[in-house]
Every structure is written in structure tokens, then in C-alpha cells.
Amino acid sequence: MLRGRPRRGREAHAAAGDDPGAEVDPLDPAQERRVRAVLALGGVPQTDLPDGVQQVRLRLLERAASGREAPRDVSAWAAVVASNLAMDWHRAKRRQERLGERLAALRQPSAHPSGEDSSVLSVAVAQGLDELPDAQRQVVVLRFYADLPVRSIAEQLGVPEGTVKSRLHTAVRALRARLHEDEVV
């Protein structure tokens, strides 16, 4: 398994059983058990453990494919990645719970006394979004409709996090002004 430098040429083929098309598993069984243990201790449910192990494998393979040298201690590196995945799992779970709470609040009759009020608000927000510049509309949709964190939006768009925050701030301010102008809120 990968324990220092990535295998190249004949050495890799020999490790794959002399089959040049065979894939070499970057995690040996002991490393996989350790990754599973770290994920489980991190609170990831049993049903999600195989996905977590695959994520660790994928990151190790991506690292090798990018030409970077394999970690000196693959087992320790995999444990750290597994720990980070467990934290990400908890963050995603909390985000889903908050989204569920927001959606439940929208469904409560006291929040919107009539369907007409809700329709007027939806139309006003849609019109406000249409009036925003493309870059601002894009970050609003990714942040509030796709529920992506600022960091992910910045990575996906290839811009600094500060740029995403600035665009969000400007867009929300413009939407708020539009809703007040139209006397929707």
C-alpha cells in the first residue's frame, strides 16, 4: 500500500498483481478499520461509514493523481481526514436541521395569515432577484436556496470569500429595500 512515495511503473504493476489495468487500494485493511473507528467515534452513523471510508480513499487518490507525494504516514493522514469528515457530517446535519426549522416556520399559519400574503412575498422576492446583477443573484441563490456555506461558494466561483460576503451583503440590502419600497414587508 502507499507508505511513502507513490508507486510508479513496474512496481505499481507488480503490486496490482501484474495487471496494468488493476486498481491498487490506497488503504490497507488496518488503515480502513482505523478510518471507520475515527468516523464512528466522531458520531457518524453506521449507515454512513462506508461513504466516509470512500471519501478518505478518494482524497488519497486525488492527492496522488495531482502529483503530490503520498503522506509519510498514510494511516495518520487518513485518520485526520476521517476526523474532518466527521465534523463536516455534523455541520451538514445541523444545517439540515436549521433548514427544516425554517421551512416548518414558513408553514405555520401564524407566520403567514393567508396564502395571498405568501404569494405576494414570493413574487416580490422573485422580481427583486431578477433586478439584481448576475453575480449578486448567483451568490444569493447559492447561499439561501442551495444552502451552501460562503467558503464553498467562493471555491466554486473561484473568488475570495470576502467577495462572496460583499456580494451577499449588497444583494440582501437591495432586496430588503425593494421589499420595503413595494410595502411587502
Just to verify, what does [X] make a side-chain hydrogen bond (donor to acceptor under 3.5 Å, both in side chains) with, not counting sequence neighbours?
X: D88; value: R91
X: E131; value: R178
X: R143; value: none

By side-chain contact (heavy atoms from CB on, under 4.5 Å), which residues pair with [X], not counting sequence neighbours?
X: E32; result: R36, V53, R57
X: A37; result: none
X: P45; result: T47, D48, W89

Just to verify, what does [X] make a salt bridge (charged side-chain N to carboxylate O under 4.0 Å, His left out) with, not counting sequence neighbours?
X: R94; value: none
X: R63; value: none
X: R59; value: none
X: R33; value: none

Notebook entry, point to check: Can you tell me how far CG of D28 sits from OG of S75, rounded to the nearest 0.5 angstrom?
Noted result: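 So the OG of S75 and the CG of D28 are separated by 7.5 Å.
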Notebook entry, point to check: Rounded to the nearest 0.5 Å, how far does CG of N84 lie from CD of Q55?
Noted result: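 Here the interatomic distance stands at 12.0 Å.
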Ignoring hydrogens and angles, write down the donor-acceptor pairs under 3.5 Å from the side chains of residues 158-174, residues two or more places apart or on other chains.
from	atom 1	to	atom 2	distance (Å)
T170	OG1	S166	O	3.0

[X] side chain near [Y] side chain, heavy-atom distance below 4.5 Å:
X: L85; Y: V44; answer: no
X: S83; Y: L41; answer: no
X: Q156; Y: L142; answer: no
X: L60; Y: V81; answer: no

Check: V38 and V56: same hydrophobic cluster, using ILVMFWY side-chain contacts below 4.5 Å?
Finding: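 No, because V38 and V56 fall into different hydrophobic clusters, even though each may have its own neighbours under 4.5 Å.
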Minimum-distance pair of heavy atoms, taken over all atoms of [X] and [Y]:
X: L39; Y: A82; value: CD2-O, 3.3 Å
X: L49; Y: A40; value: CD2-N, 3.8 Å
X: P149; Y: R95; value: CG-NH1, 4.3 Å

